[in-house]
There are 2 protein chains.
Amino acid sequence: MSDHQANDNKPLHSHDPCTSALSAEENAAEMLAAMTRNGLRITDQRRSMVSIFSDHDGYLSPKDVYDSMVRKYPSVSFDTVYRNLRMMSEMGVLEQFYFMDGGLKFKSNCLSHHHHHLICVNCEKTVTFDYCPMDQQMNLPGGYKILNHRFEIYGVCESCQ
Amino acid sequence: MSDHQANDNKPLHSHDPCTSALSAEENAAEMLAAMTRNGLRITDQRRSMVSIFSDHDGYLSPKDVYDSMVRKYPSVSFDTVYRNLRMMSEMGVLEQFYFMDGGLKFKSNCLSHHHHHLICVNCEKTVTFDYCPMDQQMNLPGGYKILNHRFEIYGVCESCQ
DNA sequence: CTTTTTGCAAACGATTTGCAACAGA
DNA sequence: TCTGTTGCAAATCGTTTGCAAAAAG
């Protein structure tokens, strides 16, 4: 729901470096395009889910998304939300992961460049940063062939302190 | 993500700083002691769970533990396993976390020093290393008050390659 | 002998599935 | 039209809880 007027010069809140180049609307259009490209039909519900994510930088649980959806589509079902979350993250439009406490959350994905997250443990507002520990010289034991990694920093954001 | 080449380096230390100091038996005794210290009674099942973890370096799912337990105590119940896993991780004897795919796993904990994990995506054999990205100079955005972090590297261990 | 722990069964929350009705391309 | 999508209900998975019987200290 883009309920704020198009004022390109004044972002409401700090966008992360992945999406700041794009307005929420552009980002939504981009997501929808990626979905069409993957052969998905664009339904009202999916359009609505897309705008929920393009308007929010941070992670949302399936329940969060459902609650937002219900406001616009009172008859929406939980399984539709789940199904679409799964499809959207399978095709890379959303990024998902399991939080510290194990809860599954989703966030609109940045396909363009590698980064990590700094996450507020209170409001879950998330900012990205480019520093990656894997760029450092570090002597790892055991002769593993390295595939990927996970690095997140948790803290309390300015407005939650 | 940046695909870093597996740098075939020799281990910095020839030992795993967490486990090499103690044999499996010593480690088990240590775990049992910690449990008694916390007011837990040592039952046969708990002794068995402890030795499962002290004999295995790597993460185990509740189901893994249950399957091991059943071999020795055919009438053991799933909830006893869960209850004990939870208590043991609450008192720091076990370390738990949610894997990439969201599955909850447990591992005998190292209480003595901070470290991170290098985990085999195939067999889940885990080695620890002392390098911590938080020791590096990195300017983070957003004025967050930093609380904690998570850093894991995933790969394929030597014997799984 | 007292208190904790166990095993059973049933409850629970989160996620998935089968299927008939419906809607997008 | 014609296939993909929705909503409903029920199934499933992993985990937790209440309680009486059994075991530890």
Side-chain angles (χ1 to χ4, degrees), chain A residues 28-29 31-52 59-91 93-94 96-106, chain B residues 29 31-52 59-91 93-94 96-106 124:
Chain A
M31 291 168 80
L32 288 168
M35 289 162 73
T36 319
R37 207 180 307 127
N38 280 73
L40 281 200
R41 290 182 179 173
I42 306 306
T43 65
D44 287 350
Q45 290 93 327
R46 283 179 182 159
R47 206 182 299 276
S48 185
M49 285 184 63
V50 161
S51 67
I52 287 168
Y59 286 83
L60 294 168
S61 69
K63 187 169 186 320
D64 293 335
V65 176
Y66 175 75
D67 291 343
S68 270
M69 290 286 286
V70 169
R71 295 213 312 268
K72 208 166 188 177
Y73 299 94
S75 71
V76 79
S77 68
F78 233 110
D79 41 69
T80 296
V81 171
Y82 272 109
R83 256 187 302 235
N84 286 330
L85 286 174
R86 187 153 34 90
M87 302 190 88
M88 288 163 79
S89 63
E90 268 165 13
M91 64 184 54
V93 169
L94 296 182
Q96 69 166 242
F97 78 75
Y98 289 83
F99 261 60
M100 297 267 264
D101 60 340
L104 179 57
K105 301 265 170 109
F106 297 83
Chain B
M31 292 167 78
L32 288 168
M35 289 161 72
T36 319
R37 208 179 309 127
N38 281 73
L40 283 199
R41 290 184 179 173
I42 305 305
T43 65
D44 288 349
Q45 289 94 326
R46 283 179 181 158
R47 204 181 300 276
S48 185
M49 285 184 62
V50 161
S51 67
I52 287 169
Y59 286 84
L60 294 168
S61 69
K63 187 169 186 316
D64 292 336
V65 176
Y66 174 75
D67 291 342
S68 270
M69 289 286 286
V70 168
R71 296 213 313 267
K72 208 166 188 177
Y73 299 95
S75 72
V76 79
S77 69
F78 233 110
D79 41 68
T80 296
V81 171
Y82 273 108
R83 253 187 304 237
N84 286 330
L85 287 174
R86 187 153 35 89
M87 301 190 88
M88 288 162 79
S89 61
E90 268 165 14
M91 64 183 56
V93 170
L94 296 182
Q96 67 167 245
F97 79 75
Y98 290 83
F99 260 61
M100 298 266 265
D101 61 338
L104 179 57
K105 302 264 170 112
F106 297 83
E124 278 170 7

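Predicted, not measured: the structure shown is a model, and the values here were computed from it. We name chains A, B, ... by the order of the sequence lines, and we start the count at 1 in each one.
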Whole Å only: how far is the [atom1] atom of [X] from the [atom2] atom of [N]?
| X | N | atom1 | atom2 | result |
| --- | --- | --- | --- | --- |
| A:M49 | D:dT5 | CE | P | 13 Å |
| A:E90 | D:dG4 | CD | C1' | 15 Å |
| B:N38 | C:dT3 | CG | C1' | 17 Å |
| B:N84 | D:dT16 | CG | C1' | 14 Å |
| B:Y66 | D:dC13 | OH | P | 15 Å |
| A:L85 | C:dT15 | CG | C1' | 11 Å |
| B:M69 | C:dT5 | CE | P | 14 Å |
| B:M87 | D:dT16 | CE | C1' | 14 Å |

Is the backbone N or O of A:L32 less than 3.5 Å from a side-chain atom of A:T36, with the two atoms forming a donor-acceptor pair by type?
yes
Please walk me through it: do A:M87 and A:V93 pass side-chain contact (heavy atoms from CB on, under 4.5 Å)?
CA-CA 9 Å; A:M87 302 190 88; A:V93 169; over 6 Å; no
Taking the side chain as C-beta and beyond, is there a heavy-atom pair between [X] and [Y] under 4.5 Å?
| X | Y | result |
| --- | --- | --- |
| B:V65 | B:F106 | no |
| B:V81 | B:Q45 | no |
| B:M88 | B:V50 | yes |

For nucleotides 16-25 of chain C, read 5' to 3', which letter fits each nucleotide if B means a protein heavy atom sits under 4.0 Å from the base, S means only the sugar-phosphate is that close, and - means neither?
BBB----BBS
Stepwise, does the side-chain contact (heavy atoms from CB on, under 4.5 Å) test hold for B:M91 with B:L40?
CA-CA 10 Å; B:M91 64 183 56; B:L40 283 199; 3.7 Å; yes
Angle of first-five versus last-five pair axes in the helix from C:dC1-D:dG25 to C:dA25-D:dT1, to 10 degrees
40°
Plane angle bin for B:F78 and B:Y66 - parallel if under 30°, tilted between 30 and 60°, otherwise perpendicular
parallel
Shortest side-chain distance from A:L104, nucleotide among D:dT5, C:dT6, C:dT15:
C:dT15
Go through B:L85 and B:M49 one step at a time and tell me if the side-chain contact (heavy atoms from CB on, under 4.5 Å) criterion holds.
CA-CA 9 Å; B:L85 287 174; B:M49 285 184 62; 3.6 Å; yes
Hits for side-chain hydrogen bond (donor to acceptor under 3.5 Å, both in side chains) against B:D67, two or more places apart or cross-chain, chain-then-number order -> B:K63
